[in-house]
Amino acid sequence: MSNKPKYYALIEFPYPSGNGLHMGHTRPYTAMDIIARKRRMEGYDVLFPVGWDAFGLPTENFAIKNHVHPKAVTAKNIEHFREQAKSLLYSFDWDREVNTTDPDYYKWTQWIFLQMFKHGLAYKTKMPVNWCTSCKCVLANEEVVDGVCERCGSEVVRKEKSQWMLKITAYAERLINDLDEVDFIERVKTQQKNWIGRSTGAEVDFQLTANGEQLTVYTTRPDTLFGATYMVVAPEHEIISKIRDKIENIAELDAYIVSASKKSDFERGELNKDKTGVELKGVKAINPVTGDEIPIFTADYVLSTYGTGAIMAVPGHDERDWEFATKFGLPIVEVIAGGNVKEEAFSGDGLAINSGFLNGLRVKEAKSKMIEWLTSKGIGHEKVNYKLRDWVFSRQRYWGEPIPIVHCEHCGYVPLDESELPLLLPEVESYETTDTGESPLSAIDEWVNVKCPKCGGPAKRETDTMPQWAGSSWYYLRYMSPNYDKALVDPDALKYWGQVDWYNGGMEHTTLHLLYSRFWYKFLYDIGVVPFKEPYAKRTSQGMILGEDGQKMSKSRGNVLDPEEVIAQYGADTLRLYIMFIGDFEQTANWNSNAVKGCKRFLDRIGALAAKPLLSKSECEASVNKTIKKVGDDIEQLKFNTAIAAMMALLNELTEKGASKEDLRALLAILCPFAPQTTQELWSRLRFSGEAAKQSWPNYDPAKLVESEKTLAVQVGGKLRSTIVMPADAPDDDIVKTALNDEKIAKIAEGKTLIKSIVVKNKLVNLIFK
RNA sequence: GCCGAUGUGGCGGAAUAGGCAGACGCCCGGGACUUAAAAUCCCGUGUGAGGUAACUCACGUACCGGUUCGACCCCGGUCAUCGGCACCA
């Protein structure tokens with residue numbers, strides 16, 4: 001903590017896998033290292049930390065296979081990562097390392113969980129979950145990709161299990177709205193918004209003809225209520241049991257429900273072209289605006305987890321309802337003019353027809369009028385829904401933070417007293433999940449059986465552990481005061497470091513880590529632990545590095561390139577330069593072994609230049625000045641590739657014209673964040689004082705950016721025909737006159753009259769002849 | 001299907017407040033140095049045509065069209081590739 005302005009630059013801390021740091025790490029890490037180094041040169045007090053996201057499955061699986069403790073595996077992997085990071089010359093604050101598996105760390109992860117529990121944001125519930133058949137573990141929705149486990153690629157099935165959940169949905173609205181307050185790149189914002197999936201509509205009650213029951217639906221198109229000709233409920237919907245005695249075809253219905261329950265969410269989605277369903281015969285619903293009795297179906301295209309699990313079907317104006325209605329011969333009523341509902345559903349805008357008091361209104365007006373009407377009659381109201389679901393927070397594995405909850409027969413779920421934290425992960429004989437799908441912790445009787453903290457009666461510990469995302473949801477706070485033991489972060493340190501100023505990380509974490517950690521931070525804000533609404537002021541994202549063949553680097557493809565090999569062959573500076581020069585930082589890029597040489601040559605050529613006799617007076621002052629500005633500006637915009645190109649161009653000019661001491665001093669200073677080793681070596685050889693990395697970032701002189709002479713393009717009819725040299729800011733008339741006198745232009749102009757000329761100051765003149 | 005990107009030489013990529021397309025690098029060709037090779041240095045390098053030559057002309061930023069004195073850039077449409085979401089009512 002100093003009087004200098006502070007700057008907090010953050011990378012996503014690595015999972016220390018057995019494979020070590022890979023090429024994918026070097027791009028974002030080098031980028032942020034360059035930012036951090038530049039900030040230091042600019043006089044900031046910089047926090048640029050690193051740590052280890054060390055809980056997780058690969059380590060645990062390795063431990064099971066090789067009969068070693070995950071702790072030992074983790075320690076070994078971390079050591080390897082640390083060495084690699086150092087050999088890449090990353091300027092991390094090595095005295096601030098955090099490790100999510102360290103009890104002094106996970107004590108606070110457990111503490112946050114307890115606060116969530118106390119505030120009703122952590123709850124346990126029986127629900128269908130995603131079960132990975134290979135990991136033998138529950139997965140969050142975000143961890144299921146294309147119906148398979150994100151991590152191991154094995155099949156994911158549905159299973160009923162009692163699970164700890166975190167109520168992220170309670171923060172859905174703020175997680176969307178507060179994106180307006182932060183500087184995140186647009187695609188991150190859009191992706192988070194789409195994932196949260198906010199939609200505005202209405203809930204509407206439909207009376208049933210049986211048992212005095214009613215059915216509430218959610219719809220985004222209340223304006224089409226007059227066209228609702230049937231209803232559909234999800235196979236899991238509770239209404240089925242409530243009116244069971246009135247249903248005439250109960251056997252048929254039960255068979256359908258059983259078959260639906262056997263399908264995974266993914267399978268249900270896969271079969272989306274062919275709609276299936278069964279009518280609940282003997283019971284009807286009443287359309288509240290038409291008074292018509294309409295049939296009720298159950299079909300698995302309606303999801304129990306969204307809205308109310310029931311819909312009003314408007315086949316005229318919803319594609320899925322249209323398909324279902326066509327297959328089952330149900331009436332299709334047109335209530336918005338503009339399409340041909342006999343041919344296909346019409347979901348566009350138009351005027352309401354066949355809709356009583358809505359007739360003649362456009363969709364938007366009709367919506368609000370209908371909501372107004374429903375509200376006044378007490379049978380409906382406006383409603384916002386989200387696609388986001390609550391976060392499944394239990395894992396049936398060993399290598400994670402134990403959940404600090406005890407279950408007592410009398411008192412229910414009872415939180416451990418905070419003084420008992422950390423709840424240590426006990427030693428076990430086997431790390432393998434039990435055959436019943438329980439965590440290995442469940443096998444340790446003396447750990448499981450405890451006294452209830454509330455009533456003292458017999459109770460059992462929770463044996464599930466937290467998912468890997470827990471520790472990473474708040475690690476950036478711990479860096480501010482890694483050894484503080486009275487709270488998760490020292491309030492003074494927090495006050496000093498504030499928000500993360502710049503956080504760069506992968507797009508693949510947009511709907512996982514980035515969303516989760518924003519959620520945790522908002523919760524900590526609500527309970528007064530942190531002072532801002534958002535943890536990260538700025539978020540950027542790098543593109544992927546692919547193999548030489550344009551494919552994702554993977555062992556099975558055999559196209560993996562180890563950073564260590566490149567360092568051994570060319571040195572760390574060359575790797576750093578090339579990974580930045582490879583292309584647009586935000587775009588995917590293919591590795592090219594040949595192109596690496598260019599960066600190596602660049603560094604060698606600077607060395608050669610520095611070894612030559614120096615000029616006493618600079619011949620390239622203007623170019624040096626311009627390059628300082630360009631490199632500085634480009635770094636801020638993550639345009640490292642053009643920053644390097646500009647330095648290469650400057651070197652070409654210096655090589656041609658000769659370099660002065662000051663030319664070299666400036667070039668080495670702006671190159672230093674990219675290639676710290678080479679620049680320091682040359683800095684010493686040139687007997688410059690101090691360290692290259694500790695120089696001030698060079699200033700450029702704005703006055704010297706102005707050139708006294710300009711080369712202007714001369715166009716005829718928009719096509720380049722010649723160039724002329726003019727004093728800067730020459731009057732338009734002079735420019736046109738000079739252009740017309742130009743030999744080439746005069747030739748073209750022969751026998752023609754000039755009818756128009758356009759002059760763009762200091763750039764070009766365009767002449768139109770007739 | 002929806003959302004978000006992207007499409008430029010042999011290759012990676014530059015250039016958007018609409019103003020000299022191809023910066024920088026790789027590859028490739030020619031030359032110098034060397035007994036030779038590597039390394040290094042110098043020259044050339046978008047395509048086509050013409051000229052002994054300095055050069056000149058035409059074409060050219062996925063495709064079709066438009067706006068403009070002028071379009072890689074803006075507008076309308078089409079195609080392709082990549083990423084995300086996907087029966088979300």
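Chain letters run A, B, ... following the sequence lines, proteins first, then strands; residues in each count from 1.
When distances are taken from the side chain of A:Thr190 to each of B:C3, B:A89, B:C69, the shortest belongs to B:C3. Here the nucleotide nearest the side chain of A:Ile758, chosen from B:A89, B:C20, B:C69, is B:C69. Taking only side-chain atoms of A:Ala649, from C-beta outward, the nucleotide of B:A89, B:C24, B:C27 with the closest atom is B:C24. Distances from the side chain of A:Gln715 to the nucleotides B:C27, B:G19, B:C69 place B:G19 closest. For A:Val760, counting side-chain heavy atoms from C-beta on, the closest listed nucleotide (B:A89, B:G19, B:C20) is B:G19. Taking only side-chain atoms of A:Thr642, from C-beta outward, the nucleotide of B:G25, B:A89, B:A15 with the closest atom is B:A15.
At the heavy-atom level, A:Gln191 lies under 4.0 Å from the strands shown only through sugar-phosphate atoms. Residue A:Arg721 is in sugar-phosphate contact alone, with no base atom involved, counting any heavy-atom pair closer than 4.0 Å across all strands shown. Contacts of A:Asp584 with the nucleic acid, taken as non-hydrogen atoms under 4.0 Å apart, involve only primed sugar atoms and P, OP1 or OP2. Heavy atoms of A:Lys744 sit under 4.0 angstrom from primed sugar atoms or phosphate atoms, though from no base atom. Heavy atoms of A:Asn641 sit under 4.0 angstrom from primed sugar atoms or phosphate atoms, though from no base atom. The residue A:Asp321 sits apart from the nucleic acid: no heavy atom pair falls under 4.0 Å. Among the heavy atoms of the strands lying under 4.0 Å from A:Phe581 is at least one base atom, whether or not backbone atoms are also near. As judged by a 4.0 angstrom heavy-atom cut-off over every strand, A:Lys719 is placed among residues touching the sugar-phosphate backbone only. In this structure, A:Lys639 reaches the sugar-phosphate backbone alone: every heavy-atom distance under 4.0 Å involves primed, P, OP1 or OP2 atoms, never a base. No engagement by A:Glu186 is indicated, since no non-hydrogen atom pair under 4.0 Å with the nucleic acid exists.
For a distance-only test at 3.5 Å, the side chain of A:Lys275 qualifies as a donor-acceptor partner of the base of B:C87. Side chain A:Glu319 to base B:G1: no donor-acceptor pair is found below 3.5 Å.
Under 4.0 angstrom from either OP1 or OP2 of B:A89 there lies no side-chain N or O belonging to A:Lys387. Phosphate proximity of B:C27 to A:Arg601: present, with a side-chain N or O under 4.0 Å from OP1 or OP2. Checking the phosphate oxygens (OP1, OP2) of B:G25, a side-chain nitrogen or oxygen of A:Asn652 falls inside 4.0 Å.
Comparing the same atom, C1', in B:U56 and in B:A62 gives a spacing of 31 Å after rounding to whole Å. For the C1' atom pair drawn from B:A80 and B:C28, the interatomic distance equals 30 Å after rounding to whole Å. Taking the P atom of each, B:A15 and B:G65 are spaced 29 Å apart, rounded to whole Å. A distance of about 23 Å separates the C1' atoms of B:U16 and B:G25, rounded to the whole Å. Taking atom C1' on both B:C75 and B:C11, the two are 33 Å apart, rounded to the nearest angstrom. Across the C1' atoms, B:A86 and B:U78 are found 25 Å apart, a figure rounded to whole Å. One P atom belongs to B:C27, the other to B:G12, and the distance between them is 15 Å to the nearest Å. Comparing the same atom, C1', in B:G70 and in B:G31 gives a spacing of 42 Å after rounding to whole Å.
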Could you walk me through whether A:Tyr230 and A:Phe328 pass the ring-ring contact (aromatic ring centres under 6.0 Å, His included) check? CA-CA 11 Å; A:Tyr230 65 101; A:Phe328 285 81; 8.5 Å; no

Walk me through whether A:Lys327 and A:Glu323 qualify under salt bridge (charged side-chain N to carboxylate O under 4.0 Å, His left out). CA-CA 6 Å; A:Lys327 183 168 172 185; A:Glu323 273 175 41; over 6 Å; no

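Electrostatic pairing of A:Glu653 and A:Lys657 counts as a salt bridge here, judged by a charged N lying under 4.0 Å from a carboxylate O. Between A:Asp223 and A:Arg221 there is a salt bridge, since at least one side-chain N of the basic residue sits less than 4.0 Å from a carboxylate O of the acidic one. Using a cutoff of 4.0 Å between basic side-chain nitrogens and carboxylate oxygens, A:Lys629 and A:Asp633 are scored as salt-bridged.
Taking the syn range as angles within 90° of 0, the glycosidic angle of B:G9 is syn.
For A:Phe602 and A:Phe581, the ring centers sit 6.0 Å or farther from each other.
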5'-to-3' dot-bracket of RNA chain B (Watson-Crick, G-U; under 3.5 angstrom; crossing pairs as [ ]; | other strand): (((((((..(((......[....))).(((((.......))))).(((((....)))))..(((((..]....))))))))))))....

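Both tests do not hold together for A:Lys275 against A:Phe324: distance to the six-membered ring centre under 6.0 Å, angle to the ring axis within 45°.
Inspection of the A:Tyr301 and A:Thr276 side chains reveals no N or O donor paired with an N or O acceptor under 3.5 Å. For the residue pair A:Glu656 and A:Asn652, no side-chain donor N or O sits within less than 3.5 Å of a side-chain acceptor on the partner. Between the side chains of A:Thr511 and A:Gln192, no donor N or O sits under 3.5 Å from an acceptor N or O. Side-chain atoms of A:Glu12 and A:His509 form a donor-acceptor pair, as typed in the model, at a separation below 3.5 Å. A donor-acceptor pair shorter than 3.5 Å can be found between the side chains of A:Thr305 and A:Arg389.
Of the two residues near RNA chain B, A:Thr655 and A:Thr220, the one whose nearest nucleotide lies more 5' is A:Thr655. Of the residues near RNA chain B, A:Ala713 and A:Ser199, the one whose nearest nucleotide (by heavy atom distance) lies more toward the 5' end is A:Ala713.
Atom NZ of A:Lys747 is separated from atom P of B:U56 by 9 Å (rounded to the nearest Å).
For RNA chain B, the residues of residues 762-769 of chain A within the heavy-atom distance limit of 4.0 Å (strictly under) are A:Lys763, A:Leu764, A:Asn766, A:Ile768, sorted by number.
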